[in-house]
Structures are given as C-alpha cells and as structure tokens.
Amino acid sequence: MLPIMTHKNLLFFSAQLAPIYSQKKAEEEEEEEDRIRSASSFFILEMGSHVSKQVQRRKAISTEKKTLCDLHQNCGEEFPGCDYKPSDRKNWMAGINPEKVHINKIVWPGTHDSATNKIGFPAITRPFAQCQSLSIYQQLVKGTRVLDIRIQEDRRVCHGILLTYSIDVVINDVKKFLSETQSEIIILEIRTEFGHEDPPDFDKYLVDQLGEFLIHQDEHVFNKTIAELLPRRVICVWKPRKSPQAKAGSPLWNAGHLKDNWIDTDLPSTKFESNLKHLSEQPPVSTRKFFYRVENTVTPQADNPVLCVKPVTGRIHGFARLFITQCFSKGVADRLQIFSTDFIDEDFVDACVAATYARVEGKA
C-alpha cells in the first residue's frame, strides 16, 4: 500500500529535490551560455575572415590598377598610325578605301554583350547586367563593327537570366545601318546564352532576315578586300548550343570561325596580361582562317561588394590604347583582330581604326 502523500511529505520531498533541480538548471544554463559563446566566436571569426578577404581583394584591385597606370606612364600609348582619326566613324571603312582594306587586316572594334542597353529593370537589375548604354544602331554609327548578341529560346536577347527586347530589334537596327551606308562590313555573332535552349529554326530566321547581305562561309573571305565582297556585308556567326553548326558554303558561319579565351576575373592587370598571353599564342592574321577576339573587359565577382558592371569594367576600360601599344612592343600586333569593350566610346573606335589604317598603309 502506497504511503499517503501529505502536505508535510510534499514539502520534505521538494526540499530534497530542490538542490538537484537547481544544479541541473545551472548546468543547462551553463551549456546554453557555452553554445552562445561558441556561436558568437564562430560568427566573429567568420565576419573577421570575410572582412579580411574584402580588404585583401580591395588591395589586390588597387595594386593591379596601379600596375596598369605605371605601365601606361612608362610606355605611353603611341603605336604606328595612332594619330589617325576617321573623319566619319559611321563610314570609317569607306574612308580608308574598300579596295585596299583586306578582311584580315582590319582591327575590328567590337562590343561585349552588345544588346544590353535596356536589359532588366532600370536602377534595380540593369546595373548588374548592362554592358552597353547605346542601341545597336547607335553603336554601329559610332564605329562598332562586331556585335555580340546572346539569345534564349523565345528569340529574346538576354544576359544570364535577365531578358530584354526581341532579336527583331537588333536585326532592324542592323538593316537600318546597312541601308544608310555602302561599304561597311559587320560581324554579327549570335549565340544561345548559357542555361537556355536554342530558338527553333533560328538559322532559317537569320537567312530570311539578312539573306541579301550575308557573306557566305568561305575561308577565302579572309584574304579578300571589302570591295571584292560587296554588296554582301554581314558575316553572321551563329553559335547554337545543340542545333547543328553551319557548314562551309552556307550563308551562316559556325562557331569555329570566331574564337576567344575569356577569363572570369575583375582584376584589370590579370586580364590585360592574360589577353596578351593568349593573343601571342595565335597565328598571325595573314594565315589565320578564323576571327580571334580580345575583350578589354573585366567581370564583377560575387565575393566582391562592387557588383555593378560599369564601375568594375571601368578598371580596364581606359587602357585600350595601351594594350595596342603593348601588342606592338611585344611583337604580337600582327595577331590582333577583334578588339571588344564594354560601353564603347569614340576613342576606342579611333584606336582600332588607326591600327587598321596603319596596316593598310604598310606602317605596321
């Protein structure tokens, strides 16, 4: 038979259990404090590590910018023909003389992610993906002759996951420019953006839209003059992800005819030196049967607080003439062909045109 639990007994047992309960509670509180201290220490260490990495990244960027500034101060930006400026950038090829300008002698001014002037939402997502502020037509009028267009399955231009206008806008701008000029040749590169599917029957669409202007895929083109190619004026390089590549003789050119060695960095001197290194490994333009592109750009990185394109790419943007100068200094100027940039301006175009003029006139 169980003992009767009287009030007196309850008090007795409570008194016996109290020290045990207090000790257990104290142990739990101490364990909780240990967990908090451990979590706080981890957080402080992580934050400290993150801040330390950011400080190191900023120092690296500052050091690399200084490296290019010092190189510019020591070497300058003079190269053969550098003083030449086209009187009319809209017709700069005509100004040099189409009968003398061979395709493989042109230093082609190009734009990177050409159709991003209205990408995403203004002031929200646009700063993270916009690489050009001008329309395609405005770029061509300014002197751009190589366009880099990324599309997705619905024939809309894109940059990663961000979308903008239809490819029709690009094609209409190109055709408008062609209707207003007579001797300007354009390289139009269109590729399916990474992570997207090829738009159905896109090769047929391009031929339907640009057929009369298309210069057919033929390796003899590289040794021909502009005059020999007229009235056809568009070299259209179509780079699908899965669809069949264009074959020799077709109106479109395949991916193997436009190459580059892009590296993903926001460090300007690293990109500058990489561009020189990879360019030096290419055959001279006189024997090459493909176009090779160098991009005077750097790319925002996720581990850096500055993610907007313009301030990041601005780290290298002003050193285009220095790059051409270094090409001559290092004996690789005969390999320079397509030279592309973000936010193209007149001086970038003039530098490319000047290098072209020097080649045509036998000064380089």
Side-chain angles (χ1 to χ4, degrees), residues 90 109-181 184 186-214 233-243 251-253 255 258 293 295 297 299-300 307-310 312-313 338 340-345 348-349:
K90 184 177 181 178
T111 50
H112 164 247
D113 261 309
S114 307
T116 53
N117 58 308
K118 294 185 178 181
I119 195 85
F121 295 99
I124 301 175
T125 57
R126 186 169 298 170
F128 303 106
Q130 184 185 43
C131 299
Q132 307 297 330
S133 57
L134 302 176
S135 70
I136 295 298
Y137 174 75
Q138 290 169 331
Q139 291 175 44
L140 292 170
V141 169
K142 194 178 286 288
T144 301
R145 293 297 177 266
V146 180
L147 300 171
D148 160 25
I149 311 296
R150 325 286 179 89
I151 59 168
Q152 45 83 273
E153 46 274 13
D154 296 325
R155 296 185 183 175
R156 291 182 68 184
V157 176
C158 59
H159 186 178
I161 63 173
L162 296 180
L163 304 178
T164 183
Y165 41 70
S166 165
I167 189 64
D168 292 337
V169 175
V170 174
I171 299 299
N172 289 337
D173 273 8
V174 168
K175 290 197 286 190
K176 179 181 178 182
F177 175 77
L178 292 172
S179 72
E180 296 173 355
T181 56
E184 306 304 302
I186 299 170
I187 298 176
L188 174 61
E189 178 200 32
I190 305 181
R191 73 178 90 170
T192 302
E193 180 70 307
F194 180 79
H196 292 281
E197 296 298 320
D198 299 328
D201 299 319
F202 193 68
D203 53 346
K204 295 178 182 177
Y205 165 82
L206 290 172
V207 174
D208 288 343
Q209 291 291 319
L210 297 169
E212 62 181 304
F213 297 110
L214 292 174
R233 297 163 56 198
V234 178
I235 296 172
C236 185
V237 182
W238 165 224
K239 295 181 174 181
R241 288 178 57 78
K242 297 178 181 178
S243 302
L252 305 177
W253 294 61
L258 203 168
R293 172 172 49 209
E295 290 187 336
T297 64
T299 309
L307 295 174
C308 298
V309 174
K310 196 161 193 176
V312 172
T313 200
I338 297 176
S340 293
T341 188
D342 291 325
F343 302 101
I344 196 163
D345 56 28
F348 186 89
V349 171

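Nearest heavy-atom pair across Leu134 and Gln139 is O-NE2, 3.0 Å. Among all heavy-atom pairs drawn from Ile344 and Lys142, the shortest one is O-CD, 3.9 Å. Here the closest heavy-atom approach between residue Thr125 and residue Gly120 is recorded as OG1-CA, 3.3 Å. Closest heavy-atom contact between Val146 and Ser114: O-OG, 4.4 Å. Across Phe213 and Leu178, no two heavy atoms sit closer than the pair CG-CD1, 3.7 Å. In terms of heavy-atom proximity, Phe128 sits nearest to Val309 at O-CG2, 3.6 Å.
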Applying salt bridge (Lys or Arg N to Asp or Glu O under 4.0 Å), run through Lys90 and Glu184 and close with a yes or a no. CA-CA 8 Å; Lys90 184 177 181 178; Glu184 306 304 302; over 6 Å; no
Side chain to side chain contact (heavy atoms under 4.5 Å, CB included), that's the test. Do Ile186 and Thr144 meet it? Break it down for me. CA-CA 8 Å; Ile186 299 170; Thr144 301; over 6 Å; no
What do the steps show when you test Thr116 against Arg150 for side chain to side chain contact (heavy atoms under 4.5 Å, CB included), and what is the final call? CA-CA 9 Å; Thr116 53; Arg150 325 286 179 89; over 6 Å; no
Dump the intermediate steps for side chain to side chain contact (heavy atoms under 4.5 Å, CB included) on Leu252 and Leu214, then the final yes or no. CA-CA 7 Å; Leu252 305 177; Leu214 292 174; 4.1 Å; yes
Under the criterion side chain to side chain contact (heavy atoms under 4.5 Å, CB included), I'd like the reasoning laid out for Ile119 against Asn117: C-alpha separation, chi angles, the key distance, then a yes or no. CA-CA 6 Å; Ile119 195 85; Asn117 58 308; over 6 Å; no
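Between the side chains of Asp148 and His112, no donor N or O sits under 3.5 Å from an acceptor N or O. In summary, the side chains of Glu295 and Ser340 do not present any donor paired with an acceptor at a separation below 3.5 Å, with no hydrogens or angles considered.
Electrostatic pairing of Asp173 and Lys175 does not count as a salt bridge here, judged by no charged N lying under 4.0 Å from a carboxylate O. A salt bridge links Arg293 with Glu189: the closest approach of a Lys/Arg side-chain nitrogen to an acidic carboxylate oxygen falls below 4.0 angstrom. Salt-bridge formation is not detected for the pair Glu193/Arg241: no Lys NZ or Arg NE/NH1/NH2 atom is positioned less than 4.0 Å from an Asp or Glu carboxylate oxygen.
Atoms CG and CZ, on Leu147 and Phe177 in that order, are 9.5 Å from each other to the nearest 0.5 Å. Residue Arg145 holds its CZ atom at 11.0 Å from OG1 of Thr111, rounded to the nearest 0.5 Å. The line from CG of Leu210 to SG of Cys236 is 6.0 Å long, rounded to the nearest 0.5 Å. Atom CZ of Phe343 is separated from atom CG of Asp113 by 10.0 Å, given to the nearest 0.5 angstrom. Between Gln209 atom CD and Asp168 atom CG the span is 6.0 Å, to the nearest 0.5 Å. Of the inter-residue distances, the one linking Glu212 atom CD with Arg233 atom CZ reads 10.0 Å to the nearest 0.5 angstrom.
Under the 4.5 Å side-chain criterion, counting only non-hydrogen atoms from C-beta, Asn172 is not in contact with Tyr137. No side-chain heavy atom of Val237 sits under 4.5 Å from any side-chain heavy atom of Ile190. Using a 4.5 Å cut-off on side-chain heavy atoms (C-beta onward), Trp238 and Phe202 make contact. Between Phe121 and Leu162, every side-chain heavy-atom pair lies at or beyond the 4.5 Å cut-off.
Applying the 6.0 Å contact sphere to CD1 of Ile161 captures no more than 12 heavy atoms from other residues, nucleotides or ligands.
Between the Lys310 side chain and the Gln130 main chain, no donor and acceptor come within less than 3.5 Å of each other. Looking at Ser135, its side chain does come within 3.5 Å of a backbone N or O of Gln138 through a donor-acceptor pair.
Each of Asp203, Asp198, Asp201 was checked for a side chain to side chain donor-acceptor pair (under 3.5 Å) with Ser243, and the lone residue meeting it is Asp198. With respect to Ile136, the side chain to side chain contact (heavy atoms under 4.5 Å, CB included) criterion is satisfied by exactly one of Ile149, Leu188, Val169, Val141: Ile149. Among Thr341, Asp342, Thr299, the single residue meeting the side chain to side chain donor-acceptor pair (under 3.5 Å) criterion with Thr313 is Asp342.
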Can I get a per-line list of side-chain donor-acceptor pairs under 3.5 Å for residues 151-158, giving both atom names and the distance, sequence neighbours left out?
residue: Gln152; atom: OE1; partner: Asp154; partner atom: N; Å: 2.7
residue: Gln152; atom: OE1; partner: Arg155; partner atom: N; Å: 3.3
residue: Gln152; atom: OE1; partner: Arg156; partner atom: N; Å: 3.0
residue: Glu153; atom: OE1; partner: Glu197; partner atom: N; Å: 2.9
residue: Arg155; atom: NH2; partner: Pro200; partner atom: O; Å: 3.3
residue: Arg156; atom: NE; partner: Thr164; partner atom: O; Å: 3.0
residue: Arg156; atom: NH2; partner: Thr164; partner atom: O; Å: 3.1

